[in-house]
Number of protein chains: 2
Amino acid sequence: MTQKLTQRITINDVASAAGVSRQTVSRALNDKGEIDRETKQRVLDAARDLGYRPSRFARGLVRPDTTSIGLVIPDLLNPFFTEVAAAALEAARARGWHVVVYDTADSLEEERGTLQVIGTQVDAVVGYFSLSEAELDEHTRGMPVVLIGRQSPRFSSIRIEGAAGVRSAVDHLVSAGHRRIGMLDYANRADPSDRHAWFCAAMATHGLATDAVTTAAQSVAGGAEALVELLDRHPDVTAVFTFNDIIAIGALRTVRRLGRELAVIGFDGLQLGTVVDPELTSVALDTRRIGALAVEQAARLLAGAEPLAGDDLVVQAVLLLRESA
Amino acid sequence: MTQKLTQRITINDVASAAGVSRQTVSRALNDKGEIDRETKQRVLDAARDLGYRPSRFARGLVRPDTTSIGLVIPDLLNPFFTEVAAAALEAARARGWHVVVYDTADSLEEERGTLQVIGTQVDAVVGYFSLSEAELDEHTRGMPVVLIGRQSPRFSSIRIEGAAGVRSAVDHLVSAGHRRIGMLDYANRADPSDRHAWFCAAMATHGLATDAVTTAAQSVAGGAEALVELLDRHPDVTAVFTFNDIIAIGALRTVRRLGRELAVIGFDGLQLGTVVDPELTSVALDTRRIGALAVEQAARLLAGAEPLAGDDLVVQAVLLLRESA
DNA sequence: GAGCATGCCGTGAACGTTCACGGGAGCGTT
DNA sequence: AACGCTCCCGTGAACGTTCACGGCATGCTC
């Protein structure tokens with residue numbers, strides 16, 4: 001006899017099917033004691049026959065023991081975000097948390113859509129947002145939020161500090177004899193990036209010019225094209241620093257195809273950098289630390305404990321020497 | 001006056017703080033009509049002051065409109081699984097579903113742990129499992145389960161069919177003049193892989209020997225080492241087919257470092273294959289289709305609709321020609 | 001045979017929210 | 001003055017589960 005599908009099967013259905021009470025069903029299913037072996041089996045059979053599945057909502061209501069957080073990522077296929085996501089997943093698992101992942105596809109609209117529904121599904125939110133603070137605030141309504149890589153007076157945020165790392169990168173290039181060092185930047189808005197600023201500062205300490213800068217699209221092809229353009233305009237460049245590893249890998253390809261000698265240093269320090277040949281030298285971010293920090297901060301916010309602040313929330317980029325420079 | 005933190009703030013707390021009833025608070029927060037503008041603002045302020053957050057459990061109980069599925073992945077950092085996960089996320093988002101992601105870290109123990117808790121958190125499960133059917137069945141208890149890349153009489157599963165794709169790969173190599181074609185296999189258990197079987201079958205149609213086979217670890221380094229070993233034992237090999245793209249990339253590196261000419265064809269067709277130079281030719285799996293199919297099947301099972309079956313559930317691998325062969 | 005412990009089971013209550021309904025105040029219409 | 005309409009607002013009920021408690025047998029002890 002098939003059950004009506006639109007109607008949910010409850011614990012009471014199982015109870016009456018097995019000829020017992022709710023409580024006995026609950027005991028059978030949750031492996032509590034105080035139940036006869038035979039009765040237990042009968043209940044289990046009835047539950048299976050009816051296709052009974054307990055409501056997670058009802059259970060959560062009466063026993064609110066599980067916490068789950070939302071992880072918002074602009075593009076899971078971008079290896080950097082993949083690493084951050086994996087790290088956050090690991091940190092959350094260590095706490096027994098569940099992680100609901102949202103890929104906003106680099107779109108403000110998707111971000112908004114996510115924000116609308118996320119509030120009703122998770123206890124806290126962690127990740128990347130491009131929306132305005134006002135808009136974020138409206139939909140999160142006091143829910144703990146941890147932003148990554150974006151400062152905000154309103155929300156907790158973990159900060160990426162790359163000045164020192166980029167300086168060591170430039171130092172490294174200079175001590176290898178490079179004087180004309182270019183950069184492949186990426187600018188999503190009109191203004192240049194933090195990384196560009198760090199680069200300029202580092203170059204300044206050596207009294208070097210920072211005129212050889214081009215912007216690239218965020219892809220291997222984008223990096224390849226940008227480097228061609230850069231070398232076209234500044235043939236004397238002997239080394240480049242790039243906005244991130246993806247662009248650097250594209251640059252590396254151009255270097256090889258042109259048969260040129262050119263030092264390349266990327267940014268992010270992705271594992272992906274060990275896949276290419278030569279392996280990519282990069283100013284590395286500890287993605288595991290980023291994920292762990294974000295989750296840790298969410299935990300504190302959730303527990304009402306003293307949240308991390310100041311330097312405890314920054315991740316320092318460090319030069320990771322491999323082969324490309 | 002600070003609220004006691006262990007005690008949850010309910011809608012009633014807000015109601016009494018604003019001097020109204022539950023229902024009015026509900027109206028204010030959910031933008032329903034039938035409420036005075038002034039009253040609404042007062043309620044909103046009270047809610048904000050108290051830091052009120054509605055219980056997703058209570059809401060879900062009375063209005064069960066959101067479905068969420070579990071996505072179980074052995075290793076999110078493996079690019080293949082990243083792609084599948086991204087595809088599943090996209091397909092789920094199109095349905096308005098929430099996706100809880102679990103990375104089981106290639107460990108049976110973690111799989112078990114996930115299985116224990118997942119049942120109480122999602123409406124269906126999709127992904128990769130290595131556990132026995134019996135063990136799966138026990139913990140999922142009739143919840144819809146869609147397995148990927150693993151046959152099972154008990155559960156829905158989407159099947160990977162690579163025989164034809166591998167045959168085109170071998171055909172391609174043969175028509176390019178190759179006769180001694182090796183393979184870099186990966187064997188997690190004692191027995192060789194499906195892909196090995198497909199390779200042997202394809203070679204057999206050309207009457208070629210399949211003695212040049214080595215197993216590799218699933219990493220770039222593993223592929224590099226394995227190719228060295230293979231060439232050592234079979235110096236006459238002029239082309240290799242590999243278990244997957246990661247191993248192929250390692251092989252490619254060895255090829256370049258040794259300064260040899262060698263055709264390489266991988267398996268999976270990852271986007272990662274366009275990052276290396278030369279770009280990797282591969283027997284490609286449509287990861288988006290895999291993710292979409294899995295979600296689609298979960299939807300049917302959940303709705304009690306006619307589930308997909310037979311050929312509708314298989315994903316055919318096809319040769320993707322790039323540069324390495 | 002009275003008393004007591006033990007094993008097994010059922011009944012009210014509670015969790016926090018929304019839905020369906022009812023009702024009062026204020027204003028205009030006839 | 002009675003009626004009706006609109007605008008607000010509140011009260012019981014329901015969602016499905018677990019917890020705390022109570023109760024009925026049964027068997028044992030003295």
Side-chain angles (χ1 to χ4, degrees), chain A residues 3-4 6-44 46-47 50-67 117 119-123 141-143, chain B residues 3-4 6-44 46-47 50-67 117 119-123 141-143:
Chain A
Q3 196 77 15
K4 196 173 168 222
T6 58
Q7 197 64 21
R8 177 166 195 111
I9 299 163
T10 78
I11 200 174
N12 287 310
D13 300 328
V14 180
S16 58
V20 294
S21 72
R22 289 170 305 183
Q23 181 61 11
T24 301
V25 176
S26 179
R27 278 191 267 255
L29 290 159
N30 299 338
D31 275 323
K32 308 245 175 184
E34 310 200 1
I35 186 174
D36 188 84
R37 287 185 52 85
E38 218 172 298
T39 312
K40 179 172 179 177
Q41 192 54 51
R42 188 154 37 94
V43 170
L44 257 34
L50 294 177
Y52 167 70
R53 308 226 59 245
S55 154
R56 67 171 183 278
F57 296 115
R59 183 184 299 227
L61 227 203
V62 56
R63 190 158 24 128
D65 45 3
T66 61
T67 74
V117 297
T120 74
Q121 286 286 326
V122 298
D123 304 311
R141 281 205 188 291
M143 173 170 50
Chain B
Q3 196 76 18
K4 194 170 168 226
T6 59
Q7 197 67 18
R8 181 172 189 105
I9 298 162
T10 79
I11 199 174
N12 287 310
D13 298 330
V14 179
S16 59
V20 295
S21 72
R22 288 170 306 180
Q23 181 60 11
T24 301
V25 176
S26 179
R27 277 190 267 256
L29 290 161
N30 298 338
D31 274 324
K32 308 246 173 183
E34 310 199 2
I35 186 173
D36 189 84
R37 287 185 52 86
E38 219 171 297
T39 312
K40 179 171 178 175
Q41 193 54 50
R42 186 155 37 94
V43 170
L44 256 34
L50 293 178
Y52 167 69
R53 307 227 59 245
S55 154
R56 66 170 183 278
F57 296 116
R59 182 183 299 222
L61 227 202
V62 56
R63 190 157 25 125
D65 46 2
T66 61
T67 74
V117 297
T120 74
Q121 286 286 326
V122 297
D123 303 312
R141 281 206 189 290
M143 171 171 49

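Below, chain A is the first sequence line, B the second, and so on; all start at residue 1.
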Quick one: [X] [atom1] to [N] [atom2], roughly how many Å, whole number?
X: A:Asp36; N: C:dT6; atom1: CG; atom2: C1'; answer: 14 Å
X: A:Phe57; N: D:dA14; atom1: CZ; atom2: P; answer: 21 Å
X: B:Arg27; N: C:dC21; atom1: CZ; atom2: C1'; answer: 11 Å
X: B:Asp65; N: C:dT17; atom1: CG; atom2: P; answer: 15 Å
X: A:Asp31; N: D:dT18; atom1: CG; atom2: C1'; answer: 15 Å

A:Arg22 CZ to A:Thr10 OG1 distance, which is reported to the nearest 0.5 Å:
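That separation rounds to 10.0 Å.
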[N] OP1/OP2 closer than 4.0 Å to side-chain N/O of [X]:
X: B:Lys32; N: C:dC19; result: yes
X: A:Ser26; N: D:dT17; result: no
X: A:Thr24; N: C:dG10; result: yes
X: B:Thr10; N: C:dG16; result: no
X: B:Lys40; N: D:dC8; result: no
X: B:Asn30; N: C:dT18; result: yes
X: B:Arg63; N: C:dC19; result: yes
X: B:Ser55; N: C:dG16; result: no

Whether [X] side chain and [Y] backbone form a donor-acceptor pair below 3.5 Å:
X: A:Arg42; Y: A:Ala18; value: yes
X: A:Arg59; Y: B:Phe57; value: no
X: A:Arg8; Y: A:Arg53; value: yes

Under 3.5 Å, is there any donor-acceptor pair linking the side chain of [X] to the base of [N]?
X: A:Glu34; N: C:dC9; value: yes
X: B:Gln23; N: D:dC9; value: no
X: A:Arg53; N: D:dG16; value: no
X: A:Arg56; N: D:dG16; value: no

Nearest heavy atom decides the nucleotide; on that basis, is A:Thr39 or A:Val62 closer to the 5' end of DNA chain C?
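Its nearest nucleotide being more 5', the pick is A:Thr39.
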